[in-house]
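What follows is a set of notes on a single structure, which appears directly below.
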Amino acid sequence: MEQALKPRVWRAVGLSPAGCGRWWWGVRDRSTREQRPPPFAPPAAGGGEEGPPRGGNGGGRLPPPALPEVSRAGNGSRTSREGLAPPSRPLPWHKSYERGAGPAARAHGELWSLREGDFSKARKRLEPKPLSVERTKGSEILFGIAPCALALSQSRRDLFRLFLKQSSGSRRLVTSELVLQATARGVPVHHVKRGELDALCRGRVHQGVCLEATPLRFKSLEEAEKPDLGDEENPNRQLIWLVLEQIQDPMNLGALLRSAYFLGVDRVVTSQRNSCPLTPTVSKASSGAMEVFDIYSTDDLRSFLKAKTAEGWEVVGTVSKPEDVENVPVISCLEFRWNKPVIIVIGSEGDGLSLETQLLCHRMLAIPPGRALHPGIESLNVSVATGILLHSICSQKLRHSG
């Protein structure tokens, strides 16, 4: 009986069985929402209704809930937690501290935030700034006491200005001597701060002295063939020349020149190809020997060695690993004896002598090590090795001349 009356009641209220089911679940859903409001529902304006009644379109469907508006706090920089926008990136601790603290804390936060930029600014302030003077065209800056003093004492360069650090104490005597030398040559003297000297020589070790001068150039081999005054007085004197093949490091070249000058080498000849020029760094590394010692250059090293061999000179090469040499006898530098003019040929820092140059040598010299060597440290620096070889060879020259 009850099952028969239900369709009549539904038709009386104007609903079909399916529509009645949808109506019932819609009413149930609405009552549930009214009892527990959604967490993201915006507050009603003026205490009115939340919106138009839902489900009144006859179909019984509920429209999608309206998205709540995003509320902004203060100046609009942060999104409130009621909004649907994703949370913003957390602020650094000093900014968060600044936002929720008093004036003192905010001032501390501002100072902290400025430190990043302050580091780079301070670094830029410490960098040497160029001296506000115009350099003479074609000039270079010598630096260091010995190179500048020897350049002032010689007549091999044109000199423009001497720069001295404003100082007192132990270096005052050295400064006075440099001033006297510059005055004698008619070179203007400028007393400047250390930072200006650092800028002039680009941060190198200047010892409080810089000198503006013209560069030194290599001399030609034709000039090398002219005998010195000492050669004319003693024509039978043993001669020793040092030939450098593709020495590229200015520090090595300077050290080689210093050793050659100290140990009594008569001439130094370099190859023009892939070789270091005579720069202020070379002069400083030579402790000023470059200022008083002539250095010659050739663009055809092979022809030069062949010509000297034809004149009766002995050409001696150098090698760090005897097993790498073929068709040329290798002996220890301690066993080498010579009784005629000799040329010592030194190879480049990495590769040593080229194969073509090795084949033009009569003998090859090696320095015997004092212990079993580990791989990777089986050779010496080129300037150190040259100093050892030159001392071994030049000591014989001194004994013969005595």
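Keep in mind it's a predicted model, so treat the numbers as computed, not measured.
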- Message: Could you report the tightest heavy-atom contact between Leu162 and Leu178, atom names first, then the distance?
- Response: CD2-O, 3.7 Å
- Query: Distance from Leu216 atom CG to Ile295 atom CD1, nearest 0.5 Å?
  - Reply: 7.5 Å
- Message: Looking at every non-hydrogen atom in both residues, tell me the closest pair between Lys284 and Phe143 and how far apart they are.
- Response: CD-O, 3.5 Å
- Item | Gln207 side-chain N/O to Ile145 backbone N/O, donor-acceptor pair under 3.5 Å | yes
- Item | CZ (Phe293) with more than 12 external heavy atoms under 6.0 Å | yes
- Which atom names give the shortest non-hydrogen contact between Leu253 and Cys276, and what distance separates them? CD2-O, 3.6 Å
- Note on the structure: Note: Trp338 and Ile240 closest approach over all heavy atoms is CH2-CB, 4.4 Å
- Do Glu245 and Arg302 meet the salt-bridge criterion of a basic N to acidic O distance under 4.0 Å? yes
- Message: Within this structure, what is the OG-CG distance for the pair Ser348 and Leu353, rounded to the nearest 0.5 Å?
- Response: 8.0 Å
- Say you draw a straight line from CG of Leu305 to CG of Leu359; how long is it, rounded to the nearest 0.5 Å? 12.0 Å
- Query: Do Ser259 side-chain atoms and Leu256 backbone N/O form a donor-acceptor pair below 3.5 Å?
  - Reply: no
- Note on the structure: One should read off an interatomic distance between Asp266 CG and Asp294 CG, to the nearest 0.5 angstrom, of 12.0 Å
- With a 4.0 Å cut-off, would you call Arg161 and Glu212 a salt bridge? yes
- Message: Counting only heavy atoms not in Arg185 (residues, nucleotides, ligands), do more than 12 fall under 6.0 Å from its CZ?
- Response: yes
- Task: Verify side chain to side chain donor-acceptor pair (under 3.5 Å) between Asn381 and Ser383, making sure each step is shown before the conclusion.
- Result: CA-CA 6 Å; Asn381 173 270; Ser383 62; 2.4 Å; yes
- Task: With rounding to the nearest 0.5 Å, note down the distance linking NZ in Lys308 to OG in Ser303.
- Result: 13.5 Å
- Task: Indicate yes or no for a side-chain donor-acceptor contact from Ser392 to the backbone of Cys333 under 3.5 Å, with no hydrogens or angles considered.
- Result: yes
- Message: Could you go through Arg157 and Glu291, starting from their C-alpha distance and side-chain angles, then the distance that decides it, and tell me whether this counts as salt bridge (Lys or Arg N to Asp or Glu O under 4.0 Å)?
- Response: CA-CA 9 Å; Arg157 296 177 182 262; Glu291 304 300 323; 2.8 Å; yes
- Query: Under a 4.5 Å cut-off applied to non-hydrogen side-chain atoms, are Thr318 and Leu389 in contact?
  - Reply: yes
- How close do Leu211 and Cys148 get, heavy atom to heavy atom, and via which atoms? CB-SG, 3.7 Å
- Please say whether more than 12 non-hydrogen atoms of neighbouring residues, nucleotides or ligands are located less than 6.0 Å from CD in Glu326. no
- Query: Which one of Asp299, Val243, Val315 satisfies the side chain to side chain contact (heavy atoms under 4.5 Å, CB included) criterion with Phe304?
  - Reply: Val243
- Should the pair Lys165-Glu196 be classified as a salt bridge under the 4.0 Å nitrogen-to-oxygen rule? no
- Task: Evaluate the side chain to side chain contact (heavy atoms under 4.5 Å, CB included) criterion for residues Leu278 and Phe218: first the C-alpha distance (whole Å), next the side-chain angles of each, then the deciding distance (0.1 Å), finally the verdict.
- Result: CA-CA 8 Å; Leu278 300 178; Phe218 292 108; 3.7 Å; yes
- Message: I'd like to know if the side chain of Arg363 and the backbone of Glu314 have a donor-acceptor N/O pair within less than 3.5 Å.
- Response: no
- Determine the minimum heavy-atom distance between Cys394 and Val265, stating which atoms define it. SG-CG2, 4.5 Å
- Query: What distance separates Ile343 CD1 from Glu311 CD, expressed to the nearest 0.5 Å?
  - Reply: 8.5 Å
- More than 12 heavy atoms of other groups within 6.0 Å of His190 NE2: yes
- Inspect the contact between Asp198 and Arg204 and indicate whether a charged nitrogen and a carboxylate oxygen are less than 4.0 angstrom apart. no
- Report the C-alpha distance between Ser220 and Glu223 in whole Å, list the side-chain angles of each, state the deciding distance to 0.1 Å, and finish with yes or no for side chain to side chain donor-acceptor pair (under 3.5 Å). CA-CA 6 Å; Ser220 65; Glu223 297 175 278; 3.3 Å; yes
